[in-house]
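Quantities reported herein were computed from a predicted structural model and do not represent experimental measurements. Only this structure's heavy atoms are used, side chains among them; waters, hydrogens and symmetry mates stay out.
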Amino acid sequence: MAEPVSAPKGTYDILPADQPVRRWVIARAEAVFHRYGYARIDTPTFEETRLFTRGVGESTDIVRKEMYTFEDLGGRSMTLRPEGTAPVARAYVEHGMHTLPQPVKLYYHSPMFRYESPQSGRYRQHHQLGVEAFGSDSPELDAEVIGLLAAVYAELGLSGLELRINSMGCRECRPGYSAVLRTFLAEHDDELCPECRERARLNPLRTYDCKAAGCKAVLQTAPRLPDHLCPACAEHHDRVQGGLRVQGIEFTADHTLVRGMDYYTRTTFEYQSSLLGAQSGVGGGGRYDDLVSAIGGPPTPGVGFGTGVERILLALSRSGADLPESRPPAVYLVAQTAEARGTVFELAHSLRSRGVAVELDYMARSMKGQMKQAGRSGARYAFIVGEQELADGTVTVRDLAEGTERRMPREETVGLPAPFQVA
RNA sequence: GUGAACGUAGCUCAGUUGGUAGAGCACUGGGUUGUGGCCCCAGCGGUCGCGGGUUCAAGUCCCGUCGUUCACCCCA
């Protein structure tokens, strides 16, 4: 026997039994996206590597150590999409969407790839649902996007989420704060972990990601970002919070919330669930007013979020909610004798072409075996064809839920009441 | 990339101080010849993750490796 092959580390198969809940989550989320005026976009699974190095940022963990990058046969460097925003921004530019009425509101559902060590709720291939709105710098749009994500979670019955928000400032005020923070960190160099010393030089804001006790202690006394926002950013931040209050959304301001992509400006936010353990983030996003120009487009503001399908599923299953299961066939056809099989096969075709979901036996099972299958399949009806039915052109229709049955001509079976007609 | 625990039938697991593998569920058949979901009986199914080592003998001890889980880290 050949050596067995298993799915790559950190990946998984989405089995038939897993599909219904997943499809339900995606469909409900899409319904909410449409309600808020977002249209679907699909971008390629891989992109030129420089889209991410320029868009997401050279100093981020994603770019530095988590990308699936490869050279194609033409010698071009390609990367499996690690996040959804940069590709959608690329498509916005490439298709001249700045000529459309702004803002342009797009959503996606796509697999993402990151070379990380897997654990619960963290995979090398996972799926995100996300939205991006380009072309408006209105703080109401930030508040709406945050509210939209809350609406998605509400639609799915996901509760117990905590929302944290922050402002990263803009290109006017952030460099000033960065410099102040860098100076401060330099003064406390000996108290920082080695990685943070590096971060302090390259991108001081990244030190907020660190969980080391020493670094956290230093940052407790560090100059705070909110105190260094320019008047325009401060006002924007206030108005976002006002917009959240209007929608009745509770949040906590967290000035240490720094997300993993360098493109964020002004608003950042994150929803966390206590049901998820260490990987508590269910979804998050923010504003990225410099991203489009960074990848070669016209200066265009934008705001959006991404939320993890697997994390939603995990939180949902741990919350003990009632979740959808797979749909059974409406009818299971039973051939009592070998001679009846031909008629049953014909009947299956005829019913299916009228839109009825039909299942039947392919394993030459006994009648009892077929009845057993019929019961387990969850079908409402068993249609039984035996010697007598064969002789007079009828079929015995057994209602498996009621335990009742009657004979009727085969042509009349399609007239049975729902759920018979459920496809 | 670092640390810890775990890795036995498709699934969930048991396996005593090392003596060449078991249960439940699932699957197949049967329980007197035209009928399911319950019950009973039988059957199918395992290179004990993989590779080395110690031993007369290893699922059981040791080392390595791969994988899973948890934590660090990072994020969805």
Side-chain angles (χ1 to χ4, degrees), chain A residues 1-12 15 17 56 60-66 81-85 109-130 149 193 195-196 199 206 208-213 215 257-261 268 270-273 276-285 305-315 328 332 334-337 340 361 363-390 396-405 407:
Chain A
M1 268 234 304
E3 186 107 342
V5 178
S6 48
K9 179 172 178 165
T11 68
Y12 53 91
L15 300 172
V56 177
T60 59
D61 280 5
I62 289 179
V63 169
R64 279 175 27 203
K65 43 188 190 193
E66 295 178 1
R81 171 181 50 218
E83 63 97 48
T85 303
H109 166 243
S110 339
M112 305 291 166
F113 305 84
R114 292 183 202 168
Y115 191 83
E116 296 192 89
S117 92
Q119 62 185 72
S120 132
R122 195 170 75 185
Y123 302 96
R124 290 188 170 178
Q125 177 177 187
H126 74 278
H127 296 78
Q128 284 186 36
L129 285 155
L149 188 49
C193 70
E195 197 173 346
C196 281
R199 285 166 163 161
R206 285 258 88 85
Y208 280 111
D209 288 340
C210 193
K211 299 291 191 299
C215 302
L257 176 65
V258 173
R259 295 180 49 77
M261 272 70 74
T268 56
E270 192 168 293
Y271 283 91
Q272 301 190 330
S273 166
L276 294 181
Q279 311 306 317
S280 60
V282 204
F305 67 71
T307 183
V309 174
E310 287 75 11
R311 298 234 175 126
I312 290 174
L313 258 14
L314 193 58
Y332 196 101
V334 175
Q336 194 218 327
T337 62
D361 174 60
M363 304 304 290
R365 286 185 181 88
S366 64
M367 176 173 197
K368 178 174 176 171
Q370 292 180 58
M371 285 306 296
K372 206 167 185 174
Q373 291 301 316
R376 289 182 184 177
S377 75
R380 176 63 189 273
Y381 296 101
F383 285 8
I384 302 160
V385 180
E387 234 171 286
Q388 294 163 34
E389 290 85 351
L390 217 49
T396 293
V397 173
R398 182 175 176 83
D399 185 321
L400 292 168
E402 305 281 326
T404 56
E405 63 184 47
R407 293 259 298 272

>> I need the single residue from Q125(A), H127(A), R122(A) that forms a side-chain contact (heavy atoms from CB on, under 4.5 Å) with E310(A). Which is it?
In response: H127(A)
> Can a donor-acceptor pair under 3.5 Å be found between the side-chain atoms of E116(A) and the base atoms of A76(B)?
Replying inline: yes
> Considering Watson-Crick and G-U wobble pairs with both distances under 3.5 Å, what does C25(B) pair with?
Replying inline: G10(B)
> Reckon G10(A) touches a base, only the sugar-phosphate, or nothing at all at heavy-atom distances under 4.0 Å?
Replying inline: sugar-phosphate
>> What I want to check is whether an N or O donor and acceptor connect the side chain of R122(A) with the base of C74(B) at under 3.5 Å.
In response: yes
> Counting only Watson-Crick or G-U wobble pairs whose two distances fall under 3.5 Å, which nucleotide matches C74(B)?
Replying inline: none
Under-3.5 Å N/O pairs linking protein and nucleotides 4-6 of chain B:
none

> For R259(A) and A76(B), is the shortest distance between a side-chain N/O and OP1 or OP2 below 4.0 Å?
Replying inline: yes
> Hey, does G283(A) reach any base, or is it just sugar-phosphate, or nothing, if we go heavy atoms under 4.0 Å?
Replying inline: sugar-phosphate
>> So S280(A), base contact, sugar-phosphate only, or nothing? Heavy-atom distance under 4.0 Å.
In response: base
>> Going by side chain to side chain contact (heavy atoms under 4.5 Å, CB included), name the residues that satisfy it together with K9(A), two or more places apart in sequence or in a different chain.
In response: P118(A), R124(A)
>> Need the pair for U68(B). Rule: Watson-Crick or G-U wobble, both distances under 3.5 Å, any strand; none if unpaired.
In response: A5(B)
> R398(A) side chain to I384(A) main-chain N or O, any donor-acceptor pair under 3.5 Å?
Replying inline: no
> What residues, two or more places apart in sequence or in another chain, satisfy side chain to side chain contact (heavy atoms under 4.5 Å, CB included) together with A374(A)?
Replying inline: Y332(A), A382(A), L400(A)
> Paired with U33(B) by Watson-Crick or G-U wobble geometry, both distances under 3.5 Å: which nucleotide is it?
Replying inline: none
>> What I want to check is whether an N or O donor and acceptor connect the side chain of R311(A) with the base of C75(B) at under 3.5 Å.
In response: yes
> With sequence neighbours excluded, what pairs up with E387(A) under the side chain to side chain contact (heavy atoms under 4.5 Å, CB included) test?
Replying inline: none
>> Across nucleotides 28-38 of chain B, 5' to 3', mark each nucleotide with B, S or - according to how protein heavy atoms within less than 4.0 Å reach it.
In response: SSSB--BBBB-
> With sequence neighbours left out, what residues match R365(A) under side chain to side chain contact (heavy atoms under 4.5 Å, CB included)?
Replying inline: D361(A), M363(A), Q370(A), Q373(A)
